[in-house]
Each structure stands twice: as structure tokens, then as C-alpha cells.
K.L.:
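Can you read through this structure? Questions will come right after.
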Amino acid sequence: MALNNPIGIIVDSFGVGIREGLRKAKEAGADGVQIYAVSGEMDPDRLTAADRQELRAYIASLGLEVSALCGDLAGHGFQDETANPAKIAKSKQILDLALDLGTNIVTTHIGIVPEDTQSDVYLSMQRACEELGQYAHSKGAFFAIETGPERAEHLKRFLDTMSTKGVSVNFDPANMVMVTGDDPVQGVLSLKDYIVHTHVKDGVRYREIDPILVYGALGLEAMDHAKIAEMASGGSGAAFAEVPLGEGEVPFGAYFRALKEIGYTGYLTIEREVGENPEADIRQAVQYIEQFKR
């Protein structure tokens with residue numbers, strides 16, 4: 001098997017700011033980058049048209065392109081009907097920024113999709129995603145839901161209720177291994193019609209854990225990235241841990257073959273959310289993926 005997918009890196013994983021992260025991504029051998037675009041210097045509200053043009057030109061000057069933006073608004077995702085109008089508006093702003101920067105993909109978490117398809121939370125999420133999907137579709141773009149909070153088959157059934165594929169999938173195999181115990185290879189086959197972007201990270205699962213304890217739920221704790229990173233650091237009593245690429249339970253050979261089998265030609269974007277030396281782990285991850293391209 002010879003992969004020909006481009007390799008991406010989430011610049012925020014370096015923890016050194018956008019510009020320095022872009023330079024480090026290029027030095028590490030990336031073809032493209034994903035950037036968080038919710039707050040701080042990448043908040044769409046702060047970036048003028050001139051700012052966007054300048055940033056896009058700078059990224060291109062490094063020989064990079066943007067694989068996707070991350071528009072994850074955390075909290076309860078789109079489970080809370082009262083919060084959804086503001087979150088939908090913000091998500092649309094992030095998608096517009098993505099298009100200005102040369103990508104048509106925004107990845108996000110939407111909250112855990114309930115099993116009860118008639119529950120208020122399920123219907124709230126469905127309405128929000130339908131609106132976002134129609135908006136993205138009208139622009140030839142995608143909001144890509146990250147895998148992990150629920151099993152792949154259940155996410156597929158939810159996506160099948162949408163009128164367009166403007167809401168699709170950002171496939172993260174490690175989230176599935178660590179939290180739901182789902183099989184990422186079968187997950188690729190189940191979600192093959194929806195995958196538009198992927199994350200490449202690895203993990204291990206030590207014991208079963210309720211996904212609500214990781215991703216939160218309406219009426220309980222909200223999703224918090226810092227909390228998830230702490231859980232994924234694998235301390236004493238941890239249910240799971242994110243580990244350097246190739247050291248965990250994601251079967252990358254079979255996983256990459258499955259992506260090739262379904263005709264996925266998009267980015268393999270490296271994400272490293274924990275670790276004492278993320279830059280070294282990211283560089284090693286690029287080399288790990290490269291071995292599948294020979």
C-alpha cells in the first residue's frame with residue numbers, strides 16, 4: 001500500500017502561536033495545516049479582509065495550504081436550543097473565514113448525539129446541523145463532525161437525516177479507540193460517504209468510560225478541551241491515554257488501507273494534545289506516516 005494523501009499538522013499543537021506554529025509545521029514536513037479559529041488572534045471577528053488576505057499569502061509563502069479550520073465551540077455543542085442561534089452564527093463566521101483562507105472545511109464537535117431520536121436534545125442538534133449543513137452546501141463547503149463521542153454507526157444514522165452533506169465527518173480514529181471502543185477501520189467503512197478530513201493521532205483504552213464523562217452533556221458538565229487533555233494524559237486511574245503515533249491501539253496499516261479503499265484522498269492531519277515534547281512527537285508522526293507512502 002502506498003498512501004498519496006497530503007500530511008497536515010494542527011499548528012496549535014506546537015503551543016507557540018500561529019506564525020511560529022506555521023513555520024514549525026513546514027520544518028516538520030507538512031503539506032498543510034489546520035488552525036483553531038474560535039478565539040484569540042484567529043477569531044473571525046478580529047480578522048479584517050486585509051488580515052485574511054495577508055495570512056493566506058503568508059501561509060502560501062511557506063509552501064503550505066490550509067487543510068481545515070477548527071471551529072469547535074466546546075460547551076454543550078448544539079444540544080442547548082437556547083444557545084444555538086449564537087453558536088450557529090459564529091460557526092457560519094468561521095466557515096466564511098475558512099473560505100477566505102482557501103479551505104472549505106471546518107471541523108467541530110456537536111455534542112453527543114442521543115440514542116433517543118425524539119428527545120429534545122436530539123431534535124435541537126438535528127435542527128442546528130441542518131441549518132449549518134444547508135449554509136455550507138450553498139458555499140460548496142463542509143462542517144465536519146469529529147468522531148469519538150458516539151459510535152460510527154449511530155453518527156451515520158444521524159447524518160443520514162440531513163438534506164445535504166454540508167455536515168460531514170472529520171474522522172479521528174484515536175477518539176474512537178480511547179472513548180467508545182469503536183473499531184476505526186469499520187468506522188471508515190460505515191462513514192465512507194461523509195469523510196472529508198481526518199485527524200491522525202493514537203491512543204490506548206484502559207477501561208470502559210461513559211462518553212458523557214469525557215464530552216459532557218446538557219444538564220451535566222460541558223465539554224472542556226483542557227479537561228479532555230488532562231484525562232488523555234494517562235495519569236493514575238485514567239480510562240484512556242493519547243500516546244505518540246504508532247504506540248497505541250489504532251491499527252494504522254488497516255486504517256490507512258480502509259481510507260484508500262473508500263477513495264479518500266484528503267488530508268491526514270496530525271494532532272497532539274498532550275505530551276512533554278509535542279514538537280518531537282509531531283515530527284516523529286510525520287516520519288511514521290511517511291513510511292506508508294513508500
Side-chain angles (χ1 to χ4, degrees), residues 1-16 21 24-34 64 67-68 70 107 146-148 152 169-189 191 195 197-209 214 225 228-236 238-262 264-294:
M1 176 188 65
L3 287 176
N4 56 11
N5 302 73
I7 295 174
I9 295 173
I10 296 183
V11 299
D12 307 79
S13 292
F14 290 109
V16 292
K24 286 185 177 293
K26 178 61 178 178
E27 292 167 2
D31 301 298
V33 292
Q34 183 175 7
L64 297 169
S67 71
C70 180
T107 71
E146 188 163 329
T147 55
V169 166
N170 173 51
F171 200 98
D172 188 315
N175 289 350
M176 301 173 77
V177 164
M178 293 188 296
V179 180
T180 60
D182 208 357
D183 177 0
V185 176
Q186 183 56 51
V188 167
L189 302 180
L191 292 166
I195 299 171
H197 191 263
T198 70
H199 281 168
V200 183
K201 71 173 188 261
D202 208 349
V204 294
R205 190 186 200 207
Y206 301 126
R207 59 179 172 82
E208 290 188 13
I209 185 171
V214 182
H225 287 289
I228 293 175
E230 182 179 351
M231 296 176 77
S233 64
S236 176
F240 58 87
E242 181 191 324
V243 297
L245 218 60
E247 297 182 14
E249 297 172 351
V250 176
F252 280 105
Y255 170 66
F256 288 148
R257 279 193 295 274
L259 288 175
K260 188 168 180 129
E261 179 183 326
I262 68 168
Y264 176 74
T265 59
Y267 266 88
L268 307 172
T269 297
I270 296 162
E271 179 179 31
R272 186 70 171 129
E273 296 187 285
V274 302
E276 294 182 0
N277 192 340
E279 181 174 352
D281 293 339
I282 290 167
R283 288 178 177 271
Q284 180 268 330
V286 172
Q287 295 172 1
Y288 182 84
I289 297 170
E290 288 285 359
Q291 71 181 322
F292 293 95
K293 301 182 80 169
R294 295 193 287 267

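What you see is a predicted model; the values in this text were computed from it and never measured.
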K.L.:
How close do M176 and A152 get, counting heavy atoms only, and between which atoms?
P.N.:
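Closest approach of M176 to A152: CE-CB, 3.9 Å.
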
K.L.:
When the ring planes of F292 and Y288 are compared, do they come out parallel, tilted or perpendicular, using 30° and 60° as the limits?
P.N.:
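Perpendicular: the ring planes of F292 and Y288 meet at over 60°.
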
K.L.:
Hey, are R257 and E261 close enough for a salt bridge, meaning a charged N less than 4.0 Å from a carboxylate O?
P.N.:
no

K.L.:
Y206 and A238: which non-hydrogen atoms are nearest, and at how many Å?
P.N.:
CD1-O, 3.3 Å

K.L.:
How long is the straight-line distance from CD of Q34 back to CD1 of I10, given to the nearest 0.5 Å?
P.N.:
4.5 Å

K.L.:
Compare all side-chain heavy atoms of K24 with those of I9 and state whether any distance is below 4.5 angstrom.
P.N.:
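Counting from C-beta outward, K24 and I9 never come under 4.5 Å.
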
K.L.:
Taking the side chain as every heavy atom from C-beta outward, state whether E242 and D202 have any pair of such atoms under 4.5 Å apart.
P.N.:
no

K.L.:
Counting N and O atoms only, with roles assigned by atom type, does the side chain of R205 sit under 3.5 Å from a partner on the main chain of V179, one being a donor and the other an acceptor?
P.N.:
yes

K.L.:
Check the pair E27 / R283 against salt bridge (charged side-chain N to carboxylate O under 4.0 Å, His left out), numbers first and verdict last.
P.N.:
CA-CA 9 Å; E27 292 167 2; R283 288 178 177 271; 3.6 Å; yes

K.L.:
Answer yes or no: is there a side-chain heavy-atom contact under 4.5 Å between D172 and T198?
P.N.:
no

K.L.:
Are E273 and S13 linked by a side-chain donor-acceptor pair shorter than 3.5 Å?
P.N.:
no

K.L.:
Could you give me the CA-CA distance, side-chain angles and deciding distance for Q284 and L245, then say whether side-chain contact (heavy atoms from CB on, under 4.5 Å) is met?
P.N.:
CA-CA 8 Å; Q284 180 268 330; L245 218 60; 4.2 Å; yes

K.L.:
Apply side-chain contact (heavy atoms from CB on, under 4.5 Å) to K201 and N175, showing your working.
P.N.:
CA-CA 8 Å; K201 71 173 188 261; N175 289 350; 3.0 Å; yes

K.L.:
Heavy atoms, side chains only, cut-off 4.5 Å: are F240 and I209 in contact?
P.N.:
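Touching, per the 4.5 Å side-chain cut-off.
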
K.L.:
Please check if any side-chain donor atom of T107 sits under 3.5 Å from a side-chain acceptor atom of H197, or the reverse.
P.N.:
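The criterion, which ignores hydrogens and geometry beyond distance, is not satisfied for H197 and T107.
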
K.L.:
A side-chain contact here means heavy atoms from C-beta on lying under 4.5 Å apart; do T265 and L259 qualify?
P.N.:
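Of all side-chain heavy-atom pairs linking L259 with T265, none is under 4.5 Å.
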
K.L.:
Give me the atom names and distance for the closest heavy-atom approach of A258 to V185.
P.N.:
CB-CG1, 4.1 Å

K.L.:
Apply side-chain contact (heavy atoms from CB on, under 4.5 Å) to the pair I270 and I289, showing each step before the final yes or no.
P.N.:
CA-CA 10 Å; I270 296 162; I289 297 170; 3.8 Å; yes

K.L.:
Check the pair F171, Y255 against ring pair (Phe, Tyr, Trp, His ring centres under 6.0 Å), reporting the backbone distance first and the verdict last.
P.N.:
CA-CA 11 Å; F171 200 98; Y255 170 66; 5.8 Å; yes

K.L.:
Evaluate the side-chain proximity of I7 to T269: yes if any heavy-atom separation is below 4.5 Å, no if none is.
P.N.:
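The answer is no; the side chains never approach within 4.5 Å.
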
K.L.:
Should V188 and Q186 count as side-chain neighbours, where that means a heavy-atom distance under 4.5 Å?
P.N.:
no

K.L.:
What's the spacing between D281 CG and E271 CD if we round to 0.5 Å?
P.N.:
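Going from CG on D281 over to CD on E271, the span is 13.0 Å.
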
K.L.:
Flag the pair V177 / P184 as yes when at least one side-chain heavy-atom distance between them is below 4.5 Å, and no otherwise.
P.N.:
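The answer is yes; the side chains approach within 4.5 Å.
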
K.L.:
Nearest 0.5 Å please: distance from the OH atom of Y264 over to the CG atom of N5.
P.N.:
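So the OH of Y264 and the CG of N5 are separated by 6.5 Å.
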
